[in-house]
Amino acid sequence: MKTIKWIQSAMLVVAIAMIATSCSSDDNGGTITDPDPDPVAVSKYVVGFEAFPVGDASPVDYILELPSLESLTTGEISVEGQGIPLRGWRFFHGAGNTVFTAGYSDDDKCIAYQLDENGDLVEKANFAFQSTLDNYAAIDDNTLIAVELTYGGLSDKRFHIVNAETGLLEEIKEHPIDIDMGDGTATNPGSIPWVTGMVLRDGKLFVSYHKWLADGSFITPDVDRAYVAVYSYPAFELEKIIEDDRTSPIGVNGHSTGIEQTENGDIYSFSTSALSAGFTAASKPSGILRIKNGETEFDSDYFFNVEEAVNGGKIFWMDYVGNGKAIARIILDDTNGAGEWGAFFKKDVFKMVVIDLVNQTVTDVAGVPTHGHRYTSPMFVEDGKAYISSSTDTETYVYIVDPETATATQGAKVLGLGLKGIFKISN
């Protein structure tokens with residue numbers, strides 16, 4: 001009886017195993033996979049890459065995904081056989097897990113790129129605009145504001161409200177900022193604002209700007225003061241314009257970091273006062289102002305005259321890195337390219353510094369050579385280190401800057417004109 005029972009038990013086990021096998025295999029003997037597997041969470045590093053021009057053609061920008069952070073620190077970065085070619089010279093800006101790239105003179109389209117469920121970089125959406133989107137701010141992980149700007153005419157500014165999750169344009173708010181209508185004559189054509197930065201804090205949108213004459217001459221009037229427009233948000237009602245005559249207009253053409261907010265809610269701005277940075281006149285020192293948390297006026301007790309500080313000079317670009325410190329490019333000689341936008345195009349014009357906004361000090365960054373770089377989207381920071389592309393006459397590298405020690409390590413070589421932006425996104 002024990003033998004019979006053992007045989008019956010063994011047959012039962014075999015039968016169960018056969019049933020289990022048949023349930024987990026298809027008719028051809030293969031394993032059945034879940035038709036709707038959960039997507040794999042992936043994070044990737046993405047760069048806006050400005051390639052070398054071919055012959056007399058204009059440079060072409062690419063968006064390129066990198067396999068790891070190590071790709072920024074060692075080896076070479078190239079678009080040979082990889083990357084997505086784009087149309088013409090472009091801006092790059094990130095918001096949440098989306099990288100936006102907008103055309104300049106050759107393309108009227110803004111494209112949103114994200115990682116799909118497989119972790120591949122793909123176009124999520126795009127939208128068209130009338131005039132160049134020349135300034136950007138990610139006011140949170142879900143919203144990008146992009147401002148449409150023109151060099152001439154007296155039109156209102158068009159603020160594009162973009163959903164960073166869908167990549168789609170949701171709304172356009174059209175408002176004046178600070179327009180001088182002039183009298184319609186050649187000697188008094190009026191002036192228009194050019195936005196250089198935006199910060200949203202406590203339901204108020206702070207917008208920094210400088211001015212052009214409205215005749216398209218690229219002449220910068222009214223250079224003896226800084227000004228910021230304060231809007232209610234999301235209503236976009238202009239509440240007031242604040243001014244400070246201790247320095248010049250805030251920010252420079254084509255950059256979005258004229259004003260930035262720190263961890264404690266304070267807002268800092270930089271003014272260049274540089275004739276090589278697109279301004280046609282300068283009467284005040286290059287410096288930094290502050291709008292304290294909870295306030296909507298410039299702090300009368302704070303002004304950092306960077307131009308006269310030890311290791312200082314005229315600021316071309318500045319970006320906040322954290323812990324009360326910013327990284328900046330200081331113009332070495334403002335007569336080098338004065339009146340001809342030399343700071344934008346020459347390769348021997350900048351040194352890199354760390355600016356302590358609280359203690360008002362400037363420290364040269366060791367390890368970064370004299371360099372140039374026309375355009376920088378908000379810099380990429382990971383683990384307290386800033387990753388910045390810089391170019392000499394002969395080569396371009398990524399530099400990893402430690403703001404606490406004011407030292408830099410040379411990273412990957414860029415086989416192109418430069419990196420316009422470095423981003424980390426997840427699906």
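Predicted, not measured: the structure shown is a model, and the values here were computed from it.
- Here the CD atom belonging to Glu170 is positioned 11.0 Å from the CG atom belonging to Leu144, to the nearest 0.5 angstrom.
- Partners of Thr143 by side chain to side chain contact (heavy atoms under 4.5 Å, CB included), not counting sequence neighbours, listed by chain and number: Ile139, Asp140, Ile161, Tyr233.
- We find that Asp222 and Lys211 are joined by a salt bridge, their nearest charged nitrogen and carboxylate oxygen being less than 4.0 Å apart.
- For Tyr104, the ring-ring contact (aromatic ring centres under 6.0 Å, His included) partners at least two apart in sequence or on another chain are Trp89, Phe91.
- In this structure Glu297 satisfies the salt bridge (charged side-chain N to carboxylate O under 4.0 Å, His left out) test together with Lys240, sequence neighbours excluded.
- Contacts of Asp116 classified as side-chain hydrogen bond (donor to acceptor under 3.5 Å, both in side chains), with partners at least two apart in sequence or in another chain: none.
- Phe298 meets the ring-ring contact (aromatic ring centres under 6.0 Å, His included) test with no other residue; sequence neighbours excluded.
- Shown here are the side chain to side chain contact (heavy atoms under 4.5 Å, CB included) partners of Ala412, two or more places apart in sequence or in another chain: Ile77.
- Listed by chain and number, the residues in a side chain to side chain contact (heavy atoms under 4.5 Å, CB included) with Asn264 are Thr262, Asp266 (sequence neighbours excluded).
- Taking the side chain as every heavy atom from C-beta outward, Met198 and Phe159 approach each other to under 4.5 Å.
- Shown here are the salt bridge (charged side-chain N to carboxylate O under 4.0 Å, His left out) partners of Glu174, two or more places apart in sequence or in another chain: Arg158.
- The distance from the CZ atom of Phe206 to the CD atom of Gln261 is 8.5 Å, given to the nearest 0.5 Å.
- Between Lys124 and Glu165, no side-chain nitrogen of the basic residue sits less than 4.0 Å from a carboxylate oxygen of the acidic one, so the salt-bridge criterion is not met.
- Residues that satisfy the salt bridge (charged side-chain N to carboxylate O under 4.0 Å, His left out) test with Glu382, not counting sequence neighbours, are Lys424.
- Contacts of Val353 classified as side chain to side chain contact (heavy atoms under 4.5 Å, CB included), with partners at least two apart in sequence or in another chain: Ala328, Ile330, Lys351, Ile355, Val362, Asp364.
- Remark: Tyr320 pairs with no residue by the ring-ring contact (aromatic ring centres under 6.0 Å, His included) rule, at least two apart or across chains.
- Annotation: ring-ring contact (aromatic ring centres under 6.0 Å, His included) contacts of Tyr209 (sequence neighbours excluded): Tyr227.
- Annotation: the span from Phe350 atom CZ to Thr370 atom OG1 amounts to 11.0 Å, rounded to 0.5 Å.
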